[in-house]
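Below is one structure, written out as structure tokens; comments come after it.
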2 protein chains.
Amino acid sequence: MPNRVISPDASDTTRDRILKAAILRFSAHSYDDTGLRDIAADVGVDMAYVHRSFGSKEKLFYEAVKASGRPEQLFAEDDGCLPSTLANQILSRKGANEIGALDIVVQSFASPAASRVLNEFLEEDFVAPLVRKLSTVSRRRAALVAAFLAGVGILKDAIKAEPLLEGERSALEEDVKQVIATLLEVEVRDCDSPREHVPHETRR
Amino acid sequence: MPNRVISPDASDTTRDRILKAAILRFSAHSYDDTGLRDIAADVGVDMAYVHRSFGSKEKLFYEAVKASGRPEQLFAEDDGCLPSTLANQILSRKGANEIGALDIVVQSFASPAASRVLNEFLEEDFVAPLVRKLSTVSRRRAALVAAFLAGVGILKDAIKAEPLLEGERSALEEDVKQVIATLLEVEVRDCDSPREHVPHETRR
DNA sequence: AACCTTAGTCATCAATCGTTGACTGATGTA
DNA sequence: TACATCAGTCAACGATTGATGACTAAGGTT
């Protein structure tokens, strides 16, 4: 299970291919700007079949969010340093078909149709697992981490804000990690140089 | 053309009433979910007149964003403590017709049509004025402040995330201020109790 | 053979959107 | 009076959207 991007198992049914295409579409464009016809065209089936396979556009979106943002993926590569893990979820450079687990959430915040789904996602797939993993953090601060990650993703990928695109990525990553560390009340220095194995210097 | 007697800011013309209604609409719903017909109905004119008064929906949105987010408004009540000023821009409780200067940005980042406008807004009406006001902060960090504010606004107002709605507002405000202070590298304590006049204790 | 389910297509629906050309009516202005 | 401009309305357009009912074709079961 090394380079698993989306699908947990390589089911080949048309329904799964539709879901996979939907995740890509919803991760690259907003809920409103993603048409069932686009998704159908990607898979090569009729749009009516996309609709019938999932019942409605909103239900398809629901399944796409759930499949794309599962906690196992969000915290998958956690090497013990949550700030760096979370920062990478938003900042990791995306190739053509490679998407981050949070991209689909970053898009589609706006549409009311999507907001109920996202509310559930936020609670079940982010706040709860994060608090479970780091019991000292409050639900409020966990949500603020999500807010910050979402905001950074939006400004960087949707709005394409220049101050976040120009310059070194490492500098941006450092700032993002520092904010997350502030919210989680953990020391960012403990994992500053990821592979240097600082022998857990006892601080404070 | 000599007698352009129309006062530059009578604010009584139908055009201005349309613009005002547009700001309210765009601040409460996304760009896509806001129809020219809705705005026209608010003012009580024909939808065609809304369109003709501004040339296109996108141009109307542009003027709405510019009028709603002007730096004078963003930093209007600045009492010398930027973190608290900015936090209040997002957290201030909104009445029926009362909106924050950033609400219109919080909605409507999704649509590509709107994102160009928002990119310009971010640069001209937020990053640049902020850096001008606090010259020690980098453009990147200024943009990260905007990202955080946008994310908080989205989760709180659009998604209605419970962790940001439950509990005391002051606790949330404290966390938000701390994050902003971290990014701006200023001491939040300097304005913690706004009216206490701490005599500028020389720190560091 | 007859029958049922699954997979998928086709044409079309109703609704909504922003946009536009043509029009009316009032208000000046020469 | 004649003319021009501004404020605003009216009806319709073309495009796009998600949703449906009716249909075909294949596969399996009895």
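Just so you know, these numbers use all the heavy atoms, side chains as well, and skip hydrogens, waters and symmetry mates. First the proteins, then the strands, lettered A, B, ... as listed; each starts at 1. Because the structure is a prediction, the values reported are computed rather than measured.
- Between B:F26 and B:F61, the ring center distance clears the sub-6.0 Å criterion.
- Between the CD1 atom of B:I18 and the P atom of C:dG18 there is a distance of 14 Å, rounded to whole Å.
- A straight line from CZ of A:F54 to P of C:dG8 spans 12 Å, rounded to a whole angstrom.
- A straight line from CG of B:D33 to P of D:dG18 spans 13 Å, rounded to a whole angstrom.
- Straight-line distance from the CZ atom of A:R52 to the P atom of D:dT20: 8 Å, rounded to whole Å.
- As a whole-Å value, the separation of B:R17 CZ from D:dA7 C1' is 12 Å.
- Here the options are A:V117, A:N119, A:V105, the test is side chain to side chain contact (heavy atoms under 4.5 Å, CB included), and the partner is B:I159; only A:N119 passes.
- Atoms OH (A:Y49) and P (D:dT20) sit 17 Å apart, rounded to a whole Å.
- Contact annotation: B:T14 reaches the phosphate of D:dG8 (side-chain N/O to OP1 or OP2, under 4.0 Å).
- For A:L36, taking side-chain heavy atoms from C-beta onward, the closest of the listed nucleotides D:dC10, D:dG21, D:dA19 is D:dA19.
- A:K59 has its NZ atom 16 Å from the P atom of D:dG18, to the nearest Å.
- Within a 6.0 Å sphere centred on CD of B:E162, other residues, nucleotides and ligands contribute 12 heavy atoms or fewer.
- Rounded to whole Å, atom P of C:dC10 lies 14 Å from atom CZ of A:R37.
- Contact annotation: B:H51 side-chain N/O to C:dG18 OP1/OP2 distance is not under 4.0 Å.
- For B:A48, the side-chain atoms get nearest to D:dA11 when compared with the rest of D:dA7, D:dA11, D:dA19.
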Inset, instruction - Output, in order, the C-alpha distance, side-chain angles, deciding distance and verdict of side chain to side chain contact (heavy atoms under 4.5 Å, CB included) for B:V145 and B:V179. - result: CA-CA 8 Å; B:V145 171; B:V179 169; over 6 Å; no
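- Using a 4.0 Å heavy-atom distance criterion, A:S53 is classed as making no nucleic acid contact.
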